[in-house]
Amino acid sequence: MFLFCGVVRFFEFLIRAFSGVKLLAGVVVFMLPGQGNANSYDLVLSNLSNSYSGCYYRDNGNGTSSVFTVIDYKPSYGHTGGLTFRSRGILVYSYDKNGKLRSTSTPATNVSINGVRHTDTFVGNDYFIFFGRSSADWISSNAFSASVTATVRNDLISDWPAVAIRAGNFTNGPDVAEIKGVAYISRYGANDGTCQVVVEPGMPPPPDISISVSAPDWNLGDLQRGVSDTQLSRTDQTLCFSYNPAVGQGQKFIIGASSANGVVNNRYRLQHLSESSQVVPYSLMLDSGSTRIQLPGNSNAMTLDTSGRTCFVPTFTTEVGKTVKAGDYSDVLTFTVITKS
């Protein structure tokens with residue numbers, strides 16, 4: 001039995017880090033399995049900080065990413081729900097593929113304030129909080145700016161590539177979180193240091209649509225006179241689009257391409273490098289395995305693969321006329337991706 005008056009406050013500080021133990025009226029009670037939820041604390045909200053700033057997302061290249069923000073904490077006094085302040089707290093939220101909040105789990109493996117790592121975590125009712133027990137940066141009750149870094153596992157945010165960070169105060173009872181909401185930081189966001197504040201963390205903004213194109217330099221080799229097809233099927237010859245996987249959840253897109261040499265009779269043109277009057281008309285078929293796109297003039301909507309990367313094998317159909325001179329021909333295609341309204 002832990003009934004020594006001189007050490008009750010010590011245990012009051014520690015026991016919430018261990019499941020199966022709950023503090024009731026200053027007495028430590030051990031609860032056996034099946035006797036109820038030992039972590040039956042509901043999150044309290046308070047205006048405990050002034051702002052979030054310096055939001056940034058960085059992929060570490062090792063299966064993890066680092067998410068940064070600066071929290072301008074107010075003094076803890078008046079923002080503990082009437083309970084005893086123990087530490088600053090950081091709540092890190094993630095989402096499932098439908099944007100639903102994962103409130104009692106976290107993708108974070110490490111959270112630091114001003115470079116000092118957290119020491120403990122606690123799971124309450126619909127919240128997961130990180131806190132520290134010894135560093136002045138964590139246990140300071142004064143107003144200060146906290147540079148927060150959260151290391152998250154990429155596989156745990158792959159369904160919805162964004163993280164929400166919330167300022168908090170860890171107490172000897174129900175913990176307190178910022179009432180103004182969370183700093184919502186997306187893998188595909190602007191990443192310019194600005195912070196998007198979401199008042200209700202369970203209602204994230206729509207996924208960012210950010211698509212990058214990886215287009216190789218295509219070499220068609222020697223073309224035969226007449227009409228012929230040239231397929232470039234090596235992996236390094238495919239045209240690939242990388243994007244936020246969440247945009248593939250039912251969103252329709254139209255892929256198009258414009259030519260530096262223009263379009264005549266619904267065909268692009270390869271142009272002789274030294275004699276611009278010499279041209280070879282051509283068209284392009286892109287095949288992802290599930291979708292075929294005919295260019296130019298494609299108007300068929302398609303859905304991108306939910307993996308976050310869709311690649312196409314190109315097939316060029318060229319028409320080399322009898323009077324076309326031998327030589328080097330080229331064209332430049334600029335690809336565009338637009339959402340279908």
Side-chain angles (χ1 to χ4, degrees), residues 49-73 88-97 99 101-103 105-121 128-132 135 137-138 144-168 177-178 180-198 201 204-214 240-249 304-310 337:
S49 67
N50 293 308
S51 64
Y52 300 104
S53 62
C55 291
Y56 188 77
Y57 187 105
R58 183 188 71 202
D59 192 314
N60 298 323
N62 60 358
T64 70
S65 293
S66 293
V67 183
F68 306 88
T69 191
V70 177
I71 298 173
D72 184 14
Y73 273 111
R88 297 299 182 175
I90 304 295
L91 297 89
V92 183
Y93 299 100
S94 61
Y95 303 86
D96 67 16
K97 64 180 181 180
L101 191 69
R102 291 171 173 156
S103 55
S105 65
T106 180
T109 58
N110 176 30
V111 175
S112 65
I113 287 181
N114 296 336
V116 180
R117 190 183 189 279
H118 76 281
T119 59
D120 293 281
T121 58
F128 195 107
I129 191 168
F130 294 83
F131 64 98
S135 167
D137 295 281
W138 283 93
F144 76 109
S145 291
S147 295
V148 177
T149 304
T151 302
V152 299
R153 285 174 45 183
N154 293 343
D155 62 321
L156 296 182
I157 61 169
S158 60
D159 288 339
W160 190 280
V163 172
I165 294 180
R166 194 174 205 172
E178 176 53 60
K180 293 190 295 292
V182 300
Y184 180 84
I185 307 172
S186 170
R187 180 185 184 96
Y188 299 96
N191 228 21
D192 58 0
T194 59
C195 291
Q196 183 176 11
V197 178
V198 176
D208 298 300
I209 299 177
S210 177
I211 301 178
S212 61
V213 182
S214 175
C240 296
F241 296 88
S242 300
Y243 45 87
N244 180 340
V247 307
Q249 308 278 332
L304 296 175
D305 190 291
T306 56
S307 67
R309 184 175 173 85
T310 299
V337 183

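Start at 1 with the first residue, then count along the sequence. Small disclaimer: the values here were computed from a predicted structure and weren't measured.
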(request) Test side chain to side chain contact (heavy atoms under 4.5 Å, CB included) on Phe128 and Val92 and set out the steps. (result) CA-CA 7 Å; Phe128 195 107; Val92 183; over 6 Å; no
(request) Go through the steps for Gln196 and Cys55 under the test side chain to side chain contact (heavy atoms under 4.5 Å, CB included), then give the verdict. (result) CA-CA 8 Å; Gln196 183 176 11; Cys55 291; over 6 Å; no
(request) Please lay out, stage by stage, how Thr109 and Thr64 fare under the test side chain to side chain contact (heavy atoms under 4.5 Å, CB included). (result) CA-CA 9 Å; Thr109 58; Thr64 70; 5.6 Å; no
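Legend: residues meeting side chain to side chain donor-acceptor pair (under 3.5 Å) with Thr106, ordered by chain and number and at least two apart, are absent. Considering only residues two or more places apart in sequence or on other chains, Arg153 meets the salt bridge (Lys or Arg N to Asp or Glu O under 4.0 Å) condition with Asp155. Evaluation of the salt bridge (Lys or Arg N to Asp or Glu O under 4.0 Å) rule for Asp59 yields Arg187 as partners, not counting sequence neighbours. Residues meeting the side chain to side chain donor-acceptor pair (under 3.5 Å) test with Ser135, sequence neighbours left out: Asp137. Not counting sequence neighbours, Ser112 has no partner by the side chain to side chain donor-acceptor pair (under 3.5 Å) test. Residues forming a side chain to side chain donor-acceptor pair (under 3.5 Å) with Ser49 (at least two apart in sequence, or on another chain): Glu178.
Put simply, the side chain of Asp192 gets close to the backbone of Thr194: a donor and an acceptor are under 3.5 Å apart.
The closest side-chain heavy-atom distance from Ser94 to Leu156 is not below 4.5 Å. Tyr52 has its side chain within reach of Ile71: a pair of non-hydrogen atoms, C-beta onward, lies under 4.5 Å apart.
Of all non-hydrogen atoms in Gly132 and Trp138, the two that sit nearest each other are N-CE3, 3.4 Å. In this structure, Asp120 and His118 approach most closely via the heavy-atom pair O-CD2, 3.4 Å. The two residues Ala150 and Ile165 come nearest to each other via the heavy atoms CB-CD1, 4.3 Å. In terms of heavy atoms, Ala146 sits closest to Ile113 at CB-CG2, 3.7 Å.
Here Leu91 contributes atom CG and Phe130 contributes atom CZ; the two are 9.0 Å apart, rounded to the nearest 0.5 Å. Of the inter-residue distances, the one linking Asp159 atom CG with Arg102 atom CZ reads 5.5 Å to the nearest 0.5 angstrom. Here the straight-line distance linking atom CD1 of Ile157 with atom CG of Asp96 works out to 13.5 Å at 0.5 Å rounding. From Ser66, atom OG reaches atom CG of Asn110 across 8.5 Å, with rounding to the nearest 0.5 Å. If you take OG1 on Thr69 and CZ on Arg166, they are separated by 14.0 Å, rounding to the nearest 0.5 Å. To the nearest 0.5 Å, the span separating OG on Ser145 from CG on Asp72 amounts to 4.5 Å.
A tilted orientation is assigned to the rings of Phe68 and Tyr56, their planes being inclined by 30° to 60°. Under the 30°/60° scheme for interplanar angles, the aromatic rings of Trp160 and Tyr95 are found to be tilted.
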